[in-house]
Structure formats: structure tokens, C-alpha cells
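Counting starts at 1 for both ligands and their atoms, in listed order. Note that the numbering runs from 1 along the sequence shown for the chain.
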Amino acid sequence: MQPHWDIFCRVVDNYGDIGVCWRLARQLAAEHSKRVRLWVDDLASLQPLCPICDPALPAQALAGVEVRHWTDTVTVDWFAEAKTADVVVEAFACELPPGYIAGMAQRPTPPVWLNLEYLSAESWVDSCHGMASPHPSLPLTKHFVFPGFSSSTAGLLREAGLPSAPLAALPATPEISLFCYATAPVASLLEAFAASPRPLRCLVPPGQPLAAVRARLGGDGPWQLSLARIEPIPFLAQDDYDALLRRCAINFVRGEDSFVRAQWAGRPFVWQIYRQDDDAHRVKLDAFLDRYCAGLAEPAAAALLTMFQAWNTGADCAAAWADFLGHHDEIAQHAAAWNAALRTQPDLATNLVKFCAARV
Ligand code: TRH
């Protein structure tokens with residue numbers, strides 16, 4: 001019998017937490033034939049990524065995954081051993097219900113308990129991946145799983161059939177997708193777009209990106225800024241968003257999951273990292289840039305670095321953007337090479353399945 005997996009996801013804000021968990025759940029079911037339940041405390045956040053999700057339902061089957069609405073009341077009758085799973089993924093330290101933990105402890109064989117951490121390119125994650133933390137009073141051990149860019153980490157989420165984007169043709173008018181936070185220097189980017197000597201289309205999803213564009217340009221769009229057309233687009237289902245990234249010449253992405261998808265798209269991208277109160281994000285950004293720029297020669301590396309830094313500090317990015325475009329071909333070749341190199345590593349779902357196989 002295939003082991004059962006429970007994935008617990010609490011939505012902190014935005015779409016990253018559920019975006020990662022939804023991908024992982026789907027992949028475990030589709031590629032590894034696991035029976036997966038995904039417990040989400042906020043189904044309304046899953047619905048835009050998976051439009052067939054009905055946020056009113058306490059339980060529903062979606063893409064081979066049993067999606068459950070995780071509410072405080074739903075957990076009270078879970079003390080029985082049979083109701084816990086063989087593998088339990090606690091996403092981003094979301095804290096399992098105490099009743100569920102008690103049920104885990106009652107099983108004849110303890111489940112594999114994984115805490116899935118946020119992605120970081122920092123080198124310390126190599127030594128922390130897989131670390132065990134015994135429960136202080138129960139016969140349970142939690143393992144910390146760190147996604148990452150090196151083979152010493154759990155790797156990155158990547159589906160088996162993921163198309164290799166650089167083979168896909170680009171539309172005649174280059175498209176740029178703009179997924180960012182409200183703090184990005186969107187106004188200066190729009191000014192740079194307005195000065196573009198060639199036609200371009202900038203595609204803007206709803207939420208913070210569109211609000212930032214509206215704040216600058218007024219009205220609801222679409223807007224024509226000389227040769228640049230700025231177009232609002234609907235929030236796309238996750239797979240359609242991935243396809244959009246492969247179709248765009250350049251992608252602005254943010255957070256964790258779209259950041260990874262931009263790398264699988266194999267196109268040049270600009271990443272806005274999720275801000276943390278203690279500025280920990282700056283170290284994470286630098287750690288990624290160190291890795292990413294390693295194979296990129298100067299002055300293209302400097303252009304990329306300057307654009308990322310401007311985009312993340314909120315500084316006027318018009319000059320940085322011009323320089324980034326000036327090195328576009330080199331940056332594009334690098335994005336394709338980076339994509340190809342990363343694809344040689346095993347993916348996160350496969351790594352988790354292997355990690356658990358020895359322990360279930
Ligand atoms: O939404 P985010 O800002 O999520 C963030 C980060 O994950 C951050 O690390 C975390 O701490 C915080 O949430 C709580 O960005 P991210 O990670 O890119 O997630 C967006 C998800 O939305 C991703 O799965 C892609 C998906 N998406 C679509 O499916 N369709 C769309 O049209 C768009 C724009 C995004």
C-alpha cells in the first residue's frame with residue numbers, strides 16, 4: 001500500500017505558501033502515486049491558482065489530491081491513529097493541531113514528520129537539511145527539509161514533464177510579465193517602457209502589481225505608452241501562469257514560487273524578494289545573486305545585479321533597466337544555461353519521497 005501523505009498549509013499572506021503546497025501535493029499524487037490530503041486554512045487563496053476549487057467545501061478532490069479545509073473545529077476527532085498519515089508535511093512551520101500530533105504518537109510506527117522550510121540560496125541550508133528534532137515528550141521526530149540550489153538540499157519543485165522553455169518561440173512583440181509587490185519601483189520601470197524604441201507588451205496580473213501600475217497611470221488600462229502597451233491580465237491558474245512565464249521574453253517575479261518558476265522558464269527574470277522585518281531578505285537576495293551570477297561574465301553580471309538591487313530597494317530603475325536590456329542576449333543565454341544545469345538535480349518531491357521511503 002502506498003503511504004498516505006498529509007500536507008498542512010497555513011496561508012500567511014499572498015499566494016506563496018499555498019502555491020508551493022499545491023504544487024507539491026499535485027506532484028506527489030500525479031508522479032509518485034501517493035494518496036495526498038492537503039489541509040489548507042484558507043481555501044480562498046487556493047481558488048485563484050486552481051479555479052475549480054470551491055472555497056465553500058470542507059473536502060473536495062482536485063487533481064488527484066484530497067483538499068480539506070483546515071479549521072479549528074475539524075481537528076477534534078483526529079486522535080485515533082487511523083486518521084493520521086504515514087508522512088506528515090508541516091509547511092513553513094505552520095504548527096500541527098495538538099490533537100493530530102497526539103494521534104501521530106499513538107501509531108504503532110511513528111509517521112515521518114517533515115517541516116518544509118522556505119527556500120534560500122544561503123550555504124548554511126546545506127548542513128541543516130534533514131536535521132532531526134525529537135519531540136520533547138512524545139516518541140516523534142520532526143525532520144527539517146530545506147529546498148535549495150545545491151545537491152545537499154532537498155532541491156526545487158519541478159514536475160517531470162516540465163517543458164524546456166528556451167526551445168519555445170517568442171511572439172513577434174516581446175512580452176514582459178510583471179508580478180511584484182507594491183514596494184517595487186514600478187513608476188520608473190513604466191517610464192523606461194515609455195521610452196522603448198521597440199514595441200513591447202507588459203502583462204500585469206491583478207493585486208499589488210496592477211495597483212502599482214494604476215497608481216502611476218490612472219484608470220483601469222490597458223495603457224499605451226508610446227510603443228509600449230501595458231495590459232492588465234486575469235490571475236491565471238498555476239499551470240497557465242507557468243506557460244505565460246515561458247512565453248515572455250522577461251519575467252518580473254516575486255516571493256518563492258514564481259521565482260522558481262521563472263528559473264524553469266529559462267528566460268531572463270528580475271526577482272523581488274519577500275521582505276522580512278529584520279532585513280534577513282537582503283542576505284538571501286545576495287546569496288542567490290552570488291550563485292546566479294557565478295557563471296555570468298562582466299559586465300552582464302553587473303547589469304543584472306544592479307537591476308535586482310534597484311528593484312528590491314525601490315530605487316529608480318530606469319538606468320538599470322536600460323543596462324539590463326543592453327546585455328539581454330548574454331543574460332538570456334545564461335538563464336537557459338542555469339535552467340539546464342538546475343534540471344540535472346533531482347527535484348524536491350522526488351527527494352522527499354526518497355527521504356521518507358527509508359523511514360516509513
Ligand atoms: O504571492 P507571493 O508573494 O508569496 C509569498 C512568498 O512565497 C513568500 O516567500 C512567503 O513568505 C509569502 O508569500 C507568505 O509570491 P510567490 O511565492 O511567487 O507565490 C505566488 C503564487 O501564485 C505562485 O504559485 C504562482 C501563482 N500565480 C498563479 O498561479 N497565477 C498568476 O496569475 C500569478 C500572478 C501567480
Side-chain angles (χ1 to χ4, degrees), residues 7-27 38 40-53 62-63 65 91-94 115-122 125 146-148 156-159 162 175-184 186 202-213 231-248 250-265 269-285 287-288 311-312 348-349:
I7 301 174
F8 285 85
C9 174
R10 231 183 256 287
V11 176
V12 178
D13 61 4
N14 303 320
Y15 299 104
D17 307 291
I18 187 60
V20 167
C21 292
W22 177 231
R23 275 193 205 285
L24 174 63
R26 283 195 293 160
Q27 199 185 345
L38 172 59
V40 193
D41 69 338
D42 177 7
L43 284 173
S45 294
L46 174 58
Q47 202 270 336
L49 280 68
C50 171
I52 55 167
C53 168
L62 300 170
V65 175
F92 313 122
C94 66
N115 187 83
L116 177 62
E117 296 284 344
Y118 286 113
L119 170 63
S120 173
E122 293 163 286
V125 303
F146 284 86
L156 300 168
L157 279 173
R158 189 186 74 240
E159 298 78 20
L162 198 70
E175 294 175 317
I176 297 172
S177 71
L178 181 61
F179 186 44
C180 61
Y181 300 114
T183 46
V186 169
C202 172
L203 307 174
V204 189
Q208 295 185 52
L210 186 58
V213 170
E231 289 178 30
I233 56 165
F235 200 94
L236 302 173
Q238 210 174 33
D239 294 342
D240 295 339
Y241 177 66
D242 295 351
L244 173 80
L245 296 182
R246 291 193 290 273
R247 204 184 75 199
C248 285
I250 302 175
N251 294 299
F252 285 79
V253 287
R254 73 184 200 190
E256 173 160 333
D257 190 56
S258 58
F259 163 58
V260 172
R261 302 325 280 192
Q263 291 168 70
W264 297 139
F269 67 94
V270 181
W271 176 37
Q272 188 177 16
I273 193 168
Y274 183 81
R275 277 195 187 179
Q276 289 173 273
D277 290 339
D278 51 2
D279 267 1
H281 63 279
R282 285 175 182 254
V283 181
K284 287 187 184 172
L285 176 64
F288 175 72
W311 194 243
N312 278 283
L348 187 130

Atom 24 (O) of ligand 1: closest protein heavy atom, distance to 0.1 Å, is D257 OD2, 2.5 Å
Nearest non-hydrogen contact to atom 34 (C) of ligand 1 from the set Y118, Y15, W22, F179 belongs to F179
of all protein heavy atoms, closest to atom 18 (O) of ligand 1 is S258 OG, 2.6 Å
CD of Q47 to CD1 of I52, rounded to nearest 0.5 Å, is 10.0 Å
Quick note on ligand 1: atoms under 4.0 Å from a heavy atom of G255 include exactly 6 (C), 15 (O), 17 (O)
CG (N251) and CG (L244) are apart, to the nearest 0.5 Å, by 6.5 Å
Value for CG (L46) from SG (C53), rounded to nearest 0.5 Å, stands at 4.0 Å
A student checking ligand 1 against D17 at a 4.0 Å heavy-atom cut-off should list atoms 14 (C)
R23 to ligand 1: N or O pair under 3.5 Å?
no
* Asked: Run the side-chain contact (heavy atoms from CB on, under 4.5 Å) check on Q272 and T183 step by step: do they pass?
  -> CA-CA 9 Å; Q272 188 177 16; T183 46; 3.0 Å; yes
Q. Would you call the rings of F235 and Y15 parallel, tilted or perpendicular if under 30° counts as parallel and over 60° as perpendicular?
A. tilted
Ligand 1 atoms nearer than 4.0 angstrom to some heavy atom of Q238 are 24 (O), 29 (O)
When distances are taken from atom 35 (C) of ligand 1, the protein heavy atom at minimum range is F235 CZ, 3.4 Å
Angle between ring planes, F269 versus F288, binned at 30° and 60°: parallel, tilted or perpendicular?
tilted
The atoms of ligand 1 lying under 4.0 Å from a heavy atom of L49, numbered in the order shown, are 24 (O), 29 (O)
The protein heavy atom nearest to atom 12 (C) of ligand 1 is D13 OD1, 3.4 Å
Residue, atom and distance of the protein heavy atom nearest atom 7 (O) of ligand 1 read G16 CA, 3.1 Å
CZ (F179) and CG (L203) are apart, to the nearest 0.5 Å, by 14.0 Å
Closest heavy-atom approach to atom 5 (C) of ligand 1 among F92, Y181, Y241 is made by Y181
re atom 32 (O) of ligand 1, the protein heavy-atom contact at minimum distance is L236 N, 2.8 Å
In this structure, CG of D17 is separated from CG of D42 (nearest 0.5 Å) by 10.0 Å
### Message
Checking the side chain of R261 only, and the main-chain atoms of D242 only, is there a donor and an acceptor separated by less than 3.5 Å?
### Response
no
### Under 3.5 Å: N/O of Y274 near N/O of ligand 1
no
Full working for side-chain contact (heavy atoms from CB on, under 4.5 Å) between N115 and F146
CA-CA 9 Å; N115 187 83; F146 284 86; over 6 Å; no
Taking only non-hydrogen atoms of G19 and a 4.0 Å limit, the atoms of ligand 1 in range are 24 (O)
